[in-house]
Amino acid sequence: MRVKTSVTLPSALLAEIDKLDTNRSAFLERAAMAQLEKITKAKRDARDLEIINRCADQLNREAEEFLEFQELPF
C-alpha cells in the first residue's frame, strides 16, 4: 500500500534527482530503501563485532592451544 506524503527538499537537490530520474518518487523510494539497508547492515555488523570482541580472549586461547598442539609457530 502506498501512502502519499509531502517532504520539503532544496531545489538544488531536486534538480540533481531530476537529472538522474524522471520519477522523483521512485528515485526517493530506492534511496530510502538503500539507506535503510545500509543502517540495518551497520547495526548487524556492530552487533557481530561486539560478539567477536566479547569472545576474542577465549577464541585466542583456543587458537594458541591448537597451534601448540600442532607444534606450529604463532
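Residues Val7 and Leu20 share a hydrophobic cluster, clusters being chains of Ile/Leu/Val/Met/Phe/Trp/Tyr side chains in contact below 4.5 Å. No chain of hydrophobic side-chain contacts below 4.5 Å, direct or via other Ile, Leu, Val, Met, Phe, Trp or Tyr residues, connects Met33 to Ile39. By the criterion of side-chain heavy atoms lying less than 4.5 angstrom apart, applied directly or through intervening Ile, Leu, Val, Met, Phe, Trp or Tyr residues, Phe66 is not grouped with Leu59; the two fall into different hydrophobic clusters.
Residues Lys41 and Asp45 are paired through a salt bridge, judged by an N-O separation under 4.0 Å between the basic side chain and the carboxylate.
Every pair passing side-chain hydrogen bond (donor to acceptor under 3.5 Å, both in side chains) that includes a residue from residues 8-17 is listed here, sequence neighbours excluded: Glu16-Lys19. The salt bridge (charged side-chain N to carboxylate O under 4.0 Å, His left out) analysis of residues 52-63, with sequence neighbours excluded, yields the pairs Glu50-Arg54.
Here the CD atom belonging to Gln35 is positioned 12.5 Å from the CG atom belonging to Leu28, to the nearest 0.5 angstrom. We find the CG-CD1 distance between Asn23 and Ile17 to be 11.0 Å, quoted to the nearest 0.5 Å.
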